[in-house]
Amino acid sequence: MSIHYKNILNYFDNRDTNTSAESFNAKIKAFRAQFRGVRNVEFFLFRLTNIFA
């Protein structure tokens, strides 16, 4: 609990959450699932930046 103390208080003080990061992670996972894994990491990152940037 004490590890997450600042993050918990940050929510109540500023109403900041990590929902945008979680949403982006879900998009990346869905993108990876379309191609059933990643073999060429450089090409994968290239495609991610072209689609989501």
Side-chain angles (χ1 to χ4, degrees):
M1 179 72 176
S2 63
I3 296 171
H4 303 290
Y5 176 72
K6 289 183 180 181
N7 292 334
I8 293 169
L9 287 182
N10 191 34
Y11 172 74
F12 289 105
D13 291 340
N14 303 321
R15 296 292 185 207
D16 288 338
T17 63
N18 67 342
T19 54
S20 60
E22 294 292 336
S23 173
F24 186 64
N25 285 338
K27 288 179 183 178
I28 292 174
K29 284 184 180 183
F31 185 72
R32 285 180 63 192
Q34 282 182 332
F35 300 106
R36 293 179 177 76
V38 175
R39 291 191 183 116
N40 187 344
V41 176
E42 286 184 26
F43 184 67
F44 175 72
L45 294 175
F46 172 76
R47 290 287 308 263
L48 275 178
T49 55
N50 283 337
I51 293 172
F52 297 113

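A quick note: this is a predicted structure, and the numbers were derived from the prediction, not measured.
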Item checked: Step-by-step side-chain contact (heavy atoms from CB on, under 4.5 Å) determination, F46 to E42 -> CA-CA 6 Å; F46 172 76; E42 286 184 26; over 6 Å; no
Notebook entry, point to check: So do the side chains of R39 and F44 get within less than 4.5 Å of each other, counting heavy atoms only?
Noted result: no
Notebook entry, point to check: If you measure from CD1 on I51 to CD1 on I28, what distance do you get to the nearest 0.5 Å?
Noted result: 11.0 Å
Next item on the list: Group every Ile, Leu, Val, Met, Phe, Trp and Tyr by side-chain heavy-atom contacts under 4.5 Å, then state whether F43 and F31 land in the same group.
Entry: no
